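The structure appears below as C-alpha cells.
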Amino acid sequence: PNNILDDEDNGVVDHAMSTNPEPDLDLMVVIEKMLQPISAGGLPIKNHTFHFRNYPNSFVGNEATTWVIGHIFDGQASRERATNLLRWLHRQGYFVHATKEHIFKDAYLFYRMTDKFTTVLGNPDPTV
C-alpha cells in the first residue's frame, strides 16, 4: 500500500508540518474564506466526475492552489508557498485526498473537507 507520507510532490519542501508554515496568517480567517459560498468567493467545492467515478463535494488541488494565491495571499505568493499552506492544512486533517492515496498536491487531484474543517465554524455543508 502507498504511504501518503512518502509521496513526492515535484520539489515542494515538506516541512515537519507540525508548525504552521504561515504563522502570520489567522487560520480561522483562512478556513472562513474557504468555506464561503462560491458566489461569495469561497473555494470551488462541487461535485466532480472522473473516469465515470463521482467525487461529491470535492475540490481540485491545482484550483485550490490558485485560489489560495488569489484569495489568501492577494496574488502575492508562489505556487510553492500556497501548496505548502494547503499541505499543512491537509496534514492537520482539515481535508483528505478523495481516495486517500496522496498528500496534497498542486495537481488535478480531488480532495474533500473533513468534519474537522467543516465543524470549525459550525458549518456542516461547505457547498451551501
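Since this is a predicted model, take the numbers as computed values, not measurements. What you see below is based on every heavy atom in this structure, not just the backbone, and it leaves out hydrogens, waters and symmetry mates. Index from 1, following the sequence.
Across every non-hydrogen atom of Gly61 and Phe104, the tightest pair is O-CZ, 3.4 Å.
Just one residue in the list Val30, Leu86, Asp106 forms a side chain to side chain contact (heavy atoms under 4.5 Å, CB included) with Val68, and that residue is Leu86. When each of Thr83, Leu27, Thr19 is paired with Trp88, the side chain to side chain contact (heavy atoms under 4.5 Å, CB included) condition holds for Leu27 and for no other. Considering Met113, Lys33, Glu63 in turn, Met113 is the only one that fulfils the side chain to side chain contact (heavy atoms under 4.5 Å, CB included) rule with Leu43.
In this structure, CD1 in Ile45 is found 11.0 Å from CD in Gln36, a value given to the nearest 0.5 Å. Atom CG of Leu89 and atom CD1 of Ile31 lie 6.5 Å apart (nearest 0.5 Å).
Remark: Tyr108 pairs with Phe50, Val60, Asn62, Phe110 by the side chain to side chain contact (heavy atoms under 4.5 Å, CB included) rule, at least two apart or across chains. For Asp26, the side-chain hydrogen bond (donor to acceptor under 3.5 Å, both in side chains) criterion is met by no residue, not counting sequence neighbours. Every residue meeting the side-chain hydrogen bond (donor to acceptor under 3.5 Å, both in side chains) condition with Thr66, not counting sequence neighbours, appears here in chain and number order: Arg79. With sequence neighbours left out, His97 forms a ring-ring contact (aromatic ring centres under 6.0 Å, His included) with His102, Tyr111. Contacts of Arg81 classified as salt bridge (Lys or Arg N to Asp or Glu O under 4.0 Å), with partners at least two apart in sequence or in another chain: Glu22.
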Side chain to side chain contact (heavy atoms under 4.5 Å, CB included) for Thr99 and Arg53? Distances and angles first, verdict last. CA-CA 11 Å; Thr99 60; Arg53 187 166 177 190; 3.5 Å; yes
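Trp67 places a side-chain heavy atom less than 4.5 Å from the side chain of Ile72.
Looking at Glu80 and Ser78, their side chains never bring a donor and an acceptor atom within 3.5 Å of each other.
Val96 belongs to no multi-residue hydrophobic cluster, having no ILVMFWY side-chain contact under 4.5 Å with any other such residue.
Connection of Met34 to Leu25 is established within a shared hydrophobic cluster, with ILVMFWY side chains joined at heavy-atom distances below 4.5 Å, either directly or through further cluster members.
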